[in-house]
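Contents: one structure, followed by commentary.
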Amino acid sequence: MNSIREFLDAEKPEGYGKRVLEELSKLNEKLNAFNNITGRLGEGMPFSVKDNICVKGVETTASSRILKGYMPAFNATVVQRMLDNKFSFIGKTNMDEFGFGSFGLNSQKPARNPFDENYVAGGSSSGAAVATSVLKYHVAMAESTGGSISAPAAFCGVVGFTPTYGALSRHGLIDYANSLDKIGIMARHAADIRYVFEMIRGQDPNDTTSIEGKYASEDRKRIILVDQLVNGIDKEVESSFMGLVDKLEGMGYKIIRKSVPFIEKAIPAYYTIAMAEASTHPASYSGFKYGYKNEDFTQHYNQFFTSAREQFGEEAKRRIVLGTFVRSASVRDKYYSKALKVRSLLLHELEGVLNEGFILSPTMPIQVPRVDDAGSLTPLEVYKTDIMTIPPNLCGLPHVSFPYAYHKGMPLAAQLVTKQWNDEAMLGLVDGWEKGFKYRFKYNIGELR
Amino acid sequence: MDDREFSRLLKICRIQMGEAERAKVKGEVDEILEYFNSLGDVDTKGMEEAFHPITVPEKLRKDEASDFNDINMLLKNTKTYRFYVVGPNV
């Protein structure tokens with residue numbers, strides 16, 4: 001189903017745009033999906049932008065106090081390409097500060113799950129997922145470093161696509177970890193994602209890591225279940241997931257089980273690399289160039305920067321400290337260098353597996369947690385919930401999360417992974433799934449009656 | 001990580017913490033590092049360091065100046081004196 005085409009072809013009643021934004025603003029008071037809503041909606045299909053992607057003249061903070069008030073003087077490449085194609089920008093979406101989180105709670109006003117506000121929205125692209133779940137016609141520009149598209153898409157019951165690393169330009173993205181960051185797309189249907197992806201991908205002279213990929217479209221009709229990703233997870237998730245596997249088998253897919261030794265080591269490898277890279281960025285947030293201003297210029301140089309950094313949240317401070325440590329000369333080989341080699345090993349292992357077919361797993365090993373329960377987890381317990389989403393992110397592999405069932409009113413989602421540049425075949429499988437399964441949404445703001 | 005090492009790190013990172021926050025974060029950092037130590041279980045002999053997950057072709061832009069037309073908007077983000085950005089004492 002292509003709702004973009006449906007929206008563009010439909011006749012909109014007078015005052016449609018105003019009504020949509022009014023309803024959205026009202027609901028936003030409850031769900032905190034947006035950090036700001038622009039207050040105008042043109043003729044084009046609405047799109048939102050995660051708050052770590054620059055939009056010219058619109059406050060962009062990555063949900064951090066240290067960037068409060070920052071007004072980019074340019075559009076990120078993906079934003080410019082959306083605007084060039086007549087899409088209509090509606091606002092900046094909430095997120096965990098700088099992308100540091102899995103549940104959306106590391107924000108000053110955490111986004112809430114649209115199915116039930118007592119549950120988390122997932123992170124770090126929490127607002128993008130909530131916006132996609134509540135707006136009938138909309139696509140979200142989101143971003144993933146270690147699972148920041150899949151996790152919130154899963155918890156909010158929408159489709160979340162993270163492309164091959166380098167497929168979409170990162171120019172205008174506020175860095176978390178350069179070698180892991182990927183801009184991606186959320187929507188209610190895989191066909192909408194394909195439409196937008198084809199429109200905005202491709203090399204950008206402003207991002208040396210962006211690539212004009214040699215896209216394939218290979219579906220070998222095989223689904224691979226990796227033992228380490230389907231064993232030892234929440235029992236309800238496991239049994240529902242096996243129901244999905246049966247249905248895919250019914251659609252003509254052969255199911256193969258495989259073991260990928262050390263795949264669980266993707267978590268420490270990922271966090272080591274991500275924190276090491278993240279710890280090099282705070283130099284930009286100095287208290288006088290962007291965002292927060294420390295206007296006491298009488299302070300000593302060190303004191304000036306130290307006081308500016310009091311604006312960082314707790315998770316940001318923790319990651320900066322850890323990242324600085326693992327890059328230290330005395331332990332670099334033990335942590336940072338070792339993590340890069342583990343990434344190399346996993347790239348090799350997963351490439352072999354993905355040459356045989358798609359890897360399928362639940363997107364998250366747990367059901368959607370309540371806000372209180374997620375908030376009481378230690379940082380390490382939170383990191384370990386990323387076991388499904390980290391391997392493809394660490395290795396730059398395209399992946400997509402899509403809903404496949406509902407349990408006690410909350411969505412359950414699966415994640416499909418494929419080899420680099422085979423993004424379209426993977427989206428094609430989800431498109432096929434959608435022909436026989438209807439996604440549920442609690443809100444349909446903007447519905448054309 | 002001992003207290004001295006942790007203090008050194010905070011100083012390098014220019015991050016200040018109160019006593020309670022410091023004790024909490026240090027405990028969490030120790031637990032996370034213990035977990036990172038499990039990378040040692042993986043045999044990576046012969047493996048290269050993968051700085052990127054894809055092969056990034058070497059690309060160079062022409063070494064030439066280009067116009068940036070929105071300097072005023074850029075300067076709106078800073079405190080300025082005439083056309084200078086005001087910063088801390090060095």
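Convention: sequence-line order gives letters A, B, ...; per-chain numbering from 1.
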Please identify, among A:Phe312, A:Phe325, A:Phe262, the residue contributing the most non-hydrogen atom pairs under 4.5 Å to chain B.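 Of the candidates given, the most pairs with chain B belong to A:Phe325.
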With only heavy atoms counted, which part of [X] is less than 4.5 Å from chain B, the side chain, the backbone, both or neither?
| X | answer |
| --- | --- |
| A:Ala308 | neither |
| A:Leu347 | side chain |
| A:Ile273 | neither |
| A:Leu322 | side chain |
| A:Pro261 | neither |
| A:Val331 | neither |

Under 4.5 Å from any heavy atom of chain A - which part of [X]:
| X | value |
| --- | --- |
| B:Ile12 | side chain |
| B:Leu33 | both |
| B:Leu9 | side chain |

Hey, which of [options] has the most heavy atom pairs under 4.5 Å with chain A?
| options | answer |
| --- | --- |
| B:Val42, B:Ile15, B:Val25, B:Leu75 | B:Val42 |
| B:Ile32, B:Leu60, B:Val56 | B:Ile32 |
| B:Ile71, B:Val86, B:Leu39 | B:Leu39 |

Where is the tightest heavy-atom contact between [X] and [Y], given as atom of each residue plus distance?
| X | Y | result |
| --- | --- | --- |
| A:Gly172 | A:Ala76 | CA-CB, 3.8 Å |
| A:Gly166 | B:Ile54 | CA-CD1, 4.3 Å |
| A:Leu350 | A:Cys395 | CD1-SG, 4.0 Å |
| A:Leu394 | A:Ala269 | CD2-CB, 4.2 Å |

Atom CD1 in A:Ile390, atom CG in A:Leu180: separation rounded to 0.5 Å?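 Spacing of CD1 (A:Ile390) from CG (A:Leu180) equals 9.5 Å.
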Scan chain A against chain B and return every donor-acceptor pair whose distance is under 3.5 Å.
| unit_1 | atom_1 | unit_2 | atom_2 | d |
| --- | --- | --- | --- | --- |
| A:Lys56 | NZ | B:Asp70 | OD2 | 3.0 |
| A:Met71 | N | B:Asn77 | OD1 | 2.8 |
| A:Met71 | O | B:Asn77 | ND2 | 2.7 |
| A:Thr208 | O | B:Lys59 | NZ | 2.9 |
| A:Ser210 | O | B:Lys59 | NZ | 2.5 |
| A:Lys265 | NZ | B:Ser38 | OG | 3.4 |
| A:Lys265 | NZ | B:Asp41 | OD2 | 3.4 |
| A:Lys293 | NZ | B:Asn77 | O | 2.6 |
| A:Phe297 | O | B:Asn89 | ND2 | 3.0 |
| A:Asn302 | OD1 | B:Arg14 | NE | 2.7 |
| A:Asn302 | OD1 | B:Arg14 | NH2 | 2.9 |
| A:Arg309 | NH1 | B:Cys13 | O | 2.8 |
| A:Glu314 | OE2 | B:Lys24 | NZ | 2.4 |
| A:Lys317 | NZ | B:Glu21 | OE2 | 3.3 |
| A:Arg318 | NE | B:Glu28 | OE1 | 2.8 |
| A:Arg318 | NH2 | B:Glu28 | OE1 | 2.8 |
| A:Lys334 | NZ | B:Asn37 | OD1 | 3.4 |
| A:Tyr335 | OH | B:Asn37 | OD1 | 2.7 |
| A:Ser337 | OG | B:Glu49 | OE2 | 2.4 |
| A:Lys338 | NZ | B:Val42 | O | 2.7 |
| A:Lys338 | NZ | B:Thr44 | OG1 | 3.0 |
| A:Leu340 | O | B:Ala50 | N | 3.1 |
| A:Arg343 | NE | B:Ala50 | O | 3.0 |
| A:Arg343 | NH2 | B:Ala50 | O | 2.9 |
| A:Arg343 | NH2 | B:Phe51 | O | 3.0 |
| A:Ser344 | OG | B:Glu48 | O | 3.2 |
| A:Gln420 | NE2 | B:Pro53 | O | 3.1 |

Compare all side-chain heavy atoms of B:Val85 with those of A:Phe288 and state whether any distance is below 4.5 angstrom.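 Yes; the side chains approach each other to less than 4.5 Å.
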Do the side chains of A:Phe100 and A:Ile320 get nearer than 4.5 Å, heavy atoms only?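 The answer is no; the side chains never approach within 4.5 Å.
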